Amino acid sequence: MKNSEPENLGAHSRRTFFKSLGTVAATAATAQVQSVAAELEKINTEKIVGPNAVPVTLRVNGEKLQLLLEPRVTLLDALRNYSSLTGAKEGCDRATCGACTVLLGDTPIYSCQKLAIESQGIEITTVEGLAKNEKLSKVQQAFLDKDALQCGYCTPGFVMSVTALLKKNPRPNADDVKHACAGNTCRCGTHPRILQAALRAAGVETASKTEVVDYV
Amino acid sequence: MNAFTYATAHSPASARQLVADKGAYLAGGNDLLGLLKEYLVSADILVNIKSLPGLDKIERGEKFWTIGSLVTVAQIEDHAEIKETFPGLHEAASEVASQQIRNVATVGGNLAQHSRCWYFRHRDTQCLKKDGDLCYALNGENRYHSLFTGNTCISPVVSSLATIFASLDATAIVLRDGQETRQNMAELYQRAWENPLAHNSLKNGDLILRVEIPTTRSRSAYLQVSDRHAFDWALVSCAAAADVVDGKLKSPRVALGSISPVPHQVETANRFLDGKVLDNATATQAADMILKDAKPLEHNAYKVPLAHALIRRTLLKLKGDA
Ligand SMILES: Cc1cc2nc3c(=O)[nH]c(=O)nc-3n(C[C@H](O)[C@H](O)[C@H](O)COP(=O)(O)OP(=O)(O)OC[C@H]3O[C@@H](n4cnc5c(N)ncnc54)[C@H](O)[C@@H]3O)c2cc1C
Ligand code: FES
Ligand code: FES
């Protein structure tokens, strides 16, 4: 298995396949081409790679990142240490604090507990990808307006969690916000402000600045 | 993490071949990467199984539903018909960890997750579960540990899905040596009851393909209590499922998590509840039976009254009263 040469095999199969096409109707041929292509794709992707660095292509914030990474490199590490995207933060590196939250497609995930190599082929959004033309996203702006941070280390993670929530549920209530943000921790204890910011971004205003919002 | 090779499998057979003797299947990676980072497991190859075809589906059937092993916990939580048909499964799924974890955590990985015992998880501790000769929890810090065990390791099963699946009498279909084998939740964890080294009954290379849930129990409920409100494992979890005919329970099953190396089920209690109209007294009697042989340790005795209350509350929830 390890020593099969998928590339060569692929080239060979394709060539002999096209040679043998003959007069077969074009539609049938297309279907066959596709199934052969699928077979080849399968052989190619089942290839064993590593442990040394291999090319890994990530799509982050609409741009292609071409990196050379060992399979054991996490997505968080790839973003922060193998490219210059330091927006996602490393807190625990054990899927418990949420500082490393990024979006995979539309879903928030912990980038510390995901390998970069398995994050290929799907759009990744980090906090750097939210502002458009120098304009902060609604969620980012709401965090500023509500002063929802102190040291700011947890902020990118919370912003990504809230951004994902609003995509899924544009009019959340306080419980929805708490459920969506339960996987993020703020060591400075700014949770009540974060809750207010999330609701504000959703257009749900909370009463007053001095309101005590229970968040436990 | 130590270095490893990596491959993506496109069929269960090639996954098995790729994983060989010293590899590990990579699903959501929540548990596996944590174990690798702490050097608690070693793997020379990680076989990404997320591209195995057909295993990411929830399929409804008249007699049973099928949930593929790659279905994520979030998929279960968000599935409107699951909420209606198996409300307990919805409740259990929505309490698993956090949104970020539920989005990637799979049914197979959740069932196969390793012990959370802090001695096991500490990389410098060579406890019984790591082939050492002592269960440090037994006479140590055991507040999160079991009230029941069949061996000298008291690390409990913590999978929330295992608890609810047990009450629904679900069966895991496991690919073993090229054959599909069927294991109910008792069987899926039996080896952890007997053998301190085991986290479940899976052997090296066994692949959970799917879980089948019979539709015979129209009511189900799940409750857990944790130290923290959210994003925490259960101190005790409880699930109950039954059909209710003319106000009477039919085929009731109760299962508890985090108090035994297996989902804790007591058949005499299930039989006692069968045909009964649920009220406080009946629920209390059932709870007494379920916890009769509990062996509390120095720091986990609180789990007995906690489990007792949870059994009663879960059963009454089944009735629709709470
Ligand atoms: C703070 C915190 C709180 C948590 N609270 C809870 C909770 O309340 N309840 C709960 O249930 N969980 C809880 N979890 C655990 C989490 O749900 C599990 O780690 C997760 O479900 C594992 O699934 P995965 O797909 O990521 O598995 P992976 O990490 O990919 O795999 C786990 C193990 O299963 C094996 N495996 C994976 N798929 C298969 C398969 N199909 N067949 C055979 N073996 C397989 C892997 O090789 C590995 O050994 C919590 C986690 C954290 C960090
Ligand atoms: S760094 Fe990923 S959750 Fe803490
Ligand atoms: S603002 Fe400091 S950790 Fe949240």
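Predicted, not measured: the structure shown is a model, and the values here were computed from it. Note on naming: letters A, B, ... go to the chains in the order of the sequence lines (proteins, then strands), and numbering restarts at 1 for each one. Side-chain atoms are counted along with the backbone in the values below, which use heavy atoms only and exclude waters and symmetry mates.
- Chain A forms the most heavy-atom pairs under 4.5 Å with one residue out of B:Glu38, B:Met1, B:Lys37, and that residue is B:Lys37.
- Atom NZ of residue A:Lys114 and atom CG of residue B:Asn103 lie 10.0 Å apart, to the nearest 0.5 angstrom.
- Using a 4.5 Å cut-off between heavy atoms, B:Glu77 contacts chain A through its side chain alone, with no backbone atom that close.
- If you measure heavy-atom distances from A:Glu70 to chain B, the contacts under 4.5 Å come from the side chain alone.
- Shown here for A:Tyr110 and B:Ile101, the closest heavy-atom pair between the two residues is CE1-CG1, 3.4 Å.
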request  = Could you go through the side-chain contact (heavy atoms from CB on, under 4.5 Å) check for A:Glu118 and B:Tyr6 one step at a time?
outcome  = CA-CA 10 Å; A:Glu118 52 163 341; B:Tyr6 173 88; 3.3 Å; yes
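- Residues A:Leu115 and B:Leu26 are in side-chain contact: their nearest non-hydrogen atoms beyond the backbone lie under 4.5 Å apart.
- Heavy-atom neighbours of B:Asp21 CG from other residues, nucleotides or ligands within 6.0 Å: at or below the threshold of 12.
- Interface residue A:Thr107: backbone and side-chain heavy atoms are both found under 4.5 Å from chain B.
- Closest heavy-atom contact between B:Ser98 and A:Ala182: CB-C, 4.4 Å.
- Here the side chains of B:Thr5 and A:Val49 are not in contact, with every heavy-atom distance at 4.5 Å or above.
- Taking B:Ala15, B:Gly28, B:Ala74, B:Ser94 one by one and counting their heavy-atom pairs under 4.5 Å with chain A, the maximum is reached by B:Ser94.
- Remark: B:Lys130 NZ is packed, more than 12 non-hydrogen atoms of other residues, nucleotides or ligands lying under 6.0 Å away.
- At a 4.5 Å heavy-atom cutoff, the contact between B:Leu46 and chain A is made by side-chain atoms alone.
- At a 4.5 Å heavy-atom cutoff, the contact between A:Asp93 and chain B is made by backbone and side-chain atoms alike.
- Within the 3.5 Å criterion, the main-chain N or O of B:Ser14 finds no donor-acceptor partner in the side chain of A:Glu46.
- By the 4.5 Å heavy-atom criterion applied to side chains, A:Gln113 and B:Gln100 are not counted as neighbours.
- Heavy-atom pairs under 4.5 Å with chain A were tallied for B:Asp44, B:Val104, B:Asn30; the largest tally goes to B:Asn30.
- Proximity to chain B is absent for every atom of A:Leu104, based on heavy atoms less than 4.5 angstrom apart.
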